[in-house]
Amino acid sequence: MPKVSVIIPVYNVERYVEKSIQSVLNQSMKDIEIILVNDGSTDNSGKICDRLAIEDKRIKVIHKLNEGVSIARNKGLEERIIVIHKENGGLSSARNVGVKAASGDYIGFIDSDDYIESIMYETLYQMAERDSADVAVCGVYDVYKNGKVPQCASRETFVCDQEEMFGHILLGEKISGTVCNKLIRKDVAKALEFPVGKLFEDAFYSALLVQKIKKVTVTTEPMYFYVHRSDSITTCGYRRKDLDVIEAFEIDKQLAISHFPKLIDKADFALNSAYLRVLDKILLTRGYRKFPEYKIVKKYVKEHGKDIVYSPYFRNSRKVAVQALRINILLYKSLLMLNEKVNRKQL
C-alpha cells in the first residue's frame, strides 16, 4: 500500500495543470499514489492528463462515467498514478471520487492550478508518524503575478488538539482553512465527504474534519503555493452561490456554541468576515443594488459594526471601512475600490 494518496481534481485548467502534476511527480517521497480526476473538462485539460499517461508509464487512464465503476489498480510502487475521467459534477464530487479510489495510509488534496514544494509530502508524512497525528499541516504561500507572500508571517511548529485547530482555522493564519495544505489519515478522510453543489467547500469540510480528529501536527513553514488567478471562480462577479460562505461559517458558529464555547469570539470573527466578503463582492458587481441580498447583507454588517470595530482579530483597515459604512455606503465602496485596485495589480 502507498504511504500517501494525492488527489488532484482537474477542470478546465489547461494553462496550469501540468505544472501542478509535475510538482507531485517530483516529490522527494516516492511511495505516493497520484489520482487525477478529470471532472468533465471542456478544454485540453483531460488531453494533457492522457498525454502525460503516454509519456509516463506509471500513469493509468480510467474512463469512469458513474459512481458505480470500480477502480482498476496498477501493481508496483512505480505504477501508482491514476487518471479518472468522469462527467462534470464539481470540485467536491471530483474529490469524493478520488477519496473512494485512494489506498494510501494518508490522503492529501491539491488544486490543479496550484503547486507544492518537493519536500511537502515527505515532511507532512514524517510529522504525522512522529506525533501520531490525525492531520499534518504546513503553511501556504499566496502566489501573485508579482511574487508570493506567506499567509503566516512567523515560523512555528506545534502539536494541538481539535479545539486549538478549530480556533486557528477560524482565524486563518497559522492553519489555513484550505484542505490542500493538509495530510489526513485515511480512516478520517474516508469517513468524510465534501458537500456537492456548494462553493467554499473547504469551509464546510473543515467543520466536519475537526469533529473527527484528536491530534494535529503543524508547521507554518509554507510549502503549498496557492495561485491567485484573475479568471478564477473566487474573482468573478457576485452570484447567489457566494452566500455559501456565510452558510459555512454559520455552521462553524453553531459548532463553537455547542462544542467549543471558548472559540465563540473567533467564530464571530469568521462569520463577520464572511458577511464582509459577500458585501464586498456585491458592491464590486455592476448593478449591485438590484441584488435582493444586498440590503440583507449590508444590514447585518451595519448591525455588527461595533463587534467588528472592537474585535481584536480584524485589521485596522477593515475597522475604518466598517465605520465608513455606518456613515455612507458610497464612502465604504470608495475605500473598497481603492483596495481592490491594489489587489488587481497583483493578479
Side-chain angles (χ1 to χ4, degrees), residues 1-7 27-29 31-33 95-96 98-99 102-110 116-117 119-140 150-152 154-195 201-224 248-249 251-267 269-270:
M1 304 298 286
K3 293 177 179 176
V4 171
S5 294
V6 182
I7 297 164
Q27 287 293 290
S28 58
M29 183 180 196
D31 196 0
I32 291 181
E33 172 183 73
R95 285 176 173 172
N96 290 339
V99 170
S103 61
D105 295 330
Y106 296 87
I107 295 176
F109 303 89
I110 294 180
I116 59 177
E117 286 278 13
I119 61 170
M120 180 175 130
Y121 280 118
E122 182 175 16
T123 301
L124 292 180
Y125 177 81
Q126 290 176 350
M127 289 168 56
E129 289 288 289
R130 179 194 68 207
D131 297 322
S132 299
D134 302 304
V135 181
V137 183
C138 70
V140 177
Q151 289 186 356
C152 182
S154 63
R155 296 291 180 271
E156 300 178 37
T157 59
F158 58 92
V159 176
C160 63
D161 60 14
Q162 60 180 172
E163 182 175 54
E164 189 176 352
M165 179 193 185
F166 190 37
H168 283 305
I169 287 176
L170 290 171
L171 296 183
E173 183 182 3
K174 293 183 180 180
I175 301 181
S176 171
T178 179
V179 73
C180 295
N181 66 331
K182 298 172 178 64
L183 193 59
I184 304 169
R185 208 177 68 236
K186 176 175 66 175
D187 62 310
V188 173
K190 285 189 174 284
L192 303 175
E193 286 193 347
F194 290 88
E201 48 281 299
D202 286 3
F204 288 93
Y205 187 86
S206 292
L208 301 174
L209 179 62
V210 296
Q211 296 177 75
K212 282 288 185 181
I213 57 92
K214 293 182 179 179
K215 185 188 287 188
V216 182
T217 180
V218 180
T219 175
T220 61
E221 182 70 34
M223 288 183 274
Y224 188 89
F249 285 108
I251 291 172
D252 283 351
K253 175 69 176 292
Q254 292 306 311
L255 180 60
I257 292 171
S258 60
H259 289 78
F260 309 109
K262 293 179 181 179
L263 302 180
I264 290 176
D265 61 335
K266 295 178 181 178
F269 162 76

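Predicted model, so just to flag it, every value in this text is computed and none were measured.
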Worksheet item: Out of L209, L124, V218, V188, which residue meets the side chain to side chain contact (heavy atoms under 4.5 Å, CB included) rule with V135?
Response: L209

Discussion item. Keeping T217 on the side-chain end and A128 on the backbone end, is there a donor-acceptor pair under 3.5 Å?
Written reply: no

Worksheet entry | N181 (side chain) donor-acceptor with G139 (main chain) under 3.5 angstrom | no

Fill in: T219 side chain to E221 side chain, donor-acceptor N/O pair below 3.5 angstrom
no

Discussion item. Using only atom types and a distance under 3.5 Å, with no angle test, would you say the side chain of E156 pairs donor to acceptor with the backbone of T220?
Written reply: no

Discussion item. Using 0.5 Å steps for rounding, measure from the CD atom of E163 to the SG atom of C160.
Written reply: 10.5 Å

Practice prompt. Examine distances only and state if a side-chain atom of Q27 and a backbone atom of Y121 form a donor-acceptor pair shorter than 3.5 Å.
Written response: yes

Worksheet item: Taking K190 for the side chain and A102 for the main chain, is one N or O donor matched with an acceptor at less than 3.5 Å?
Response: yes

Worksheet entry | Mutual orientation of the aromatic rings belonging to F166 and F260 [parallel < 30°, tilted 30-60°, perpendicular > 60°] | tilted

Worksheet entry | Plane angle bin for Y125 and Y106 - parallel if under 30°, tilted between 30 and 60°, otherwise perpendicular | perpendicular

Worksheet item: Can you tell me how far CG of L263 sits from NZ of K253, rounded to the nearest 0.5 angstrom?
Response: 12.0 Å

Item to complete: Starting from the C-alpha separation in whole Å, work towards a yes-or-no answer on side-chain contact (heavy atoms from CB on, under 4.5 Å) for V4 and D31.
Response: CA-CA 7 Å; V4 171; D31 196 0; over 6 Å; no

Practice prompt. Heavy atoms only: give me the nearest E33-P2 pair and the separation to one decimal.
Written response: CB-CG, 3.8 Å

Discussion item. Closer than 3.5 angstrom, by distance alone: can the side chain of D202 be matched with the main-chain N or O of V179 as a donor-acceptor pair?
Written reply: yes

Discussion item. Would you say that more than 12 heavy atoms from the other residues, nucleotides or ligands in this model lie under 6.0 Å from the NZ of K186, or not?
Written reply: yes

Discussion item. Any side-chain to backbone donor/acceptor pair from K3 onto D105? Under 3.5 Å, distance only.
Written reply: no

Worksheet item: Of the non-hydrogen atoms in C138 and M120, which two are nearest, and what is the gap between them?
Response: SG-SD, 4.0 Å

Practice prompt. Looking only at non-hydrogen atoms, find the nearest pair between C152 and R155 and report the distance.
Written response: O-NH1, 3.1 Å

Worksheet item: Between atom OH of Y224 and atom CD1 of I116, what is the distance when rounded to the nearest 0.5 Å?
Response: 8.0 Å

Worksheet item: Measuring from H168:NE2 to K266:NZ, what's the distance to the nearest 0.5 Å?
Response: 6.5 Å

Response to the item:
Closest non-hydrogen contact found for S176 with V140 is CB-CG2, 4.1 Å

Item to complete: Answer whether the closest heavy-atom distance between the side chains of E201 and R95 falls below 4.5 Å.
Response: yes

Fill in: Straight-line distance of E117 CD to S28 OG, nearest 0.5 Å
10.0 Å

Discussion item. Quick check on side chain to side chain contact (heavy atoms under 4.5 Å, CB included): which of D265, D252, L255, I175 does L170 satisfy it with?
Written reply: D252

Discussion item. Treating Q211 as the side-chain partner and S206 as the backbone partner, does any N or O pair qualify as donor plus acceptor under 3.5 Å?
Written reply: no

Worksheet item: What pair of heavy atoms forms the shortest contact from A203 to A248, and how long is it?
Response: CB-CB, 3.6 Å

Response to the item:
Here the gap from I107 atom CD1 to K182 atom NZ, rounded to the nearest 0.5 Å, amounts to 15.0 Å

Worksheet item: Do F158 and E164 pass the side-chain contact (heavy atoms from CB on, under 4.5 Å) test, and can you show the C-alpha distance, the side-chain angles, and the key distance before you say yes or no?
Response: CA-CA 11 Å; F158 58 92; E164 189 176 352; 4.2 Å; yes

